[in-house]
Visitor: 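Below is the structure I would like to discuss, written out as structure tokens.
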Amino acid sequence: MIIVVDTNIVFSAILSPNGTICDLLFNSLNTFDFYTPTALLDELEHHHQKLLKKVSFILLFNILV
């Protein structure tokens with residue numbers, strides 16, 4: 001099955017590494033064919049500093065809780 005994944009879905013997976021979307025994306029690679037717009041790379045590059053800060057905060061929070 002082909003699944004088109006947009007930027008919002010990828011960002012959600014990055015920001016919620018223990019979430020359902022992340023689990024589906026990373027544990028279904030042998031089940032589905034994932035496609036994404038080429039603009040995803042531009043969006044990741046544009047927002048990478050903000051994503052790194054948020055992911056770092058999320059990981060630190062999970063360690064402390």
Side-chain angles (χ1 to χ4, degrees):
M1 177 185 291
I2 294 174
I3 298 180
V4 178
V5 180
D6 74 351
T7 305
N8 292 325
I9 297 298
V10 173
F11 279 25
S12 178
I14 291 169
L15 295 173
S16 299
N18 296 322
T20 303
I21 292 173
C22 187
D23 182 54
L24 177 68
L25 289 177
F26 289 106
N27 293 318
S28 302
L29 294 175
N30 294 327
T31 306
F32 302 114
D33 293 321
F34 292 105
Y35 290 86
T36 187
T38 56
L40 172 67
L41 295 177
D42 294 332
E43 290 289 324
L44 285 171
E45 184 177 343
H46 180 75
H47 296 287
H48 79 276
Q49 287 296 330
K50 185 187 292 187
L51 289 169
L52 286 173
K53 286 179 187 176
K54 288 187 179 194
V55 168
S56 297
F57 176 77
I58 292 167
L59 292 174
L60 178 63
F61 180 78
N62 286 338
I63 289 170
L64 295 175
V65 173

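Nothing here was measured: the structure is a model prediction, and the numbers come from that model.
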Visitor: Flag the pair L52 / H48 as yes when at least one side-chain heavy-atom distance between them is below 4.5 Å, and no otherwise.
Guide: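 SC-SC contact between L52 and H48 confirmed.
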Visitor: Could you give the distance from CG (L25) to CZ (F34), rounded to the nearest 0.5 Å?
Guide: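 The distance works out to 5.0 Å.
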Visitor: Measure the spacing between CD1 of I9 and CG of L40 and express it to the nearest 0.5 Å.
Guide: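 One gets 11.5 Å once the value is rounded to the nearest 0.5 Å.
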Visitor: Going hydrophobic residue to hydrophobic residue with side-chain gaps under 4.5 angstrom, can you get from L41 over to V10?
Guide: no
Visitor: Do Y35 and F32 land in one hydrophobic cluster if side-chain heavy atoms of ILVMFWY residues count as linked below 4.5 Å?
Guide: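 Unlinked, Y35 and F32 end up in two clusters.
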Visitor: How long is the straight-line distance from NE2 of H46 back to CG of L51, given to the nearest 0.5 Å?
Guide: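 It comes to 10.5 Å.
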Visitor: Got a sec, which residues hit ring-ring contact (aromatic ring centres under 6.0 Å, His included) with H47, two or more places apart in sequence or on another chain?
Guide: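 Only F11 meet the ring-ring contact (aromatic ring centres under 6.0 Å, His included) criterion with H47.
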Visitor: What closest approach, in Å, do D6 and P37 show between heavy atoms, and which atom pair accounts for it?
Guide: CA-CD, 4.4 Å
Visitor: Over all heavy atoms of both residues, which pair between P17 and C22 is shortest? Give the atoms and the distance, please.
Guide: O-SG, 3.5 Å
Visitor: Could you pull out the closest heavy-atom pair between V5 and T36, with the gap in Å?
Guide: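 It is O-OG1, 2.7 Å.
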Visitor: Between M1 and I21, is there a shared hydrophobic cluster once you connect ILVMFWY residues whose side-chain heavy atoms come closer than 4.5 Å?
Guide: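 Same cluster.
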Visitor: Just wondering, do I14 and L44 contact through their side chains at under 4.5 Å, heavy atoms?
Guide: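 Result yes, sub-4.5 Å side-chain heavy-atom pair found.
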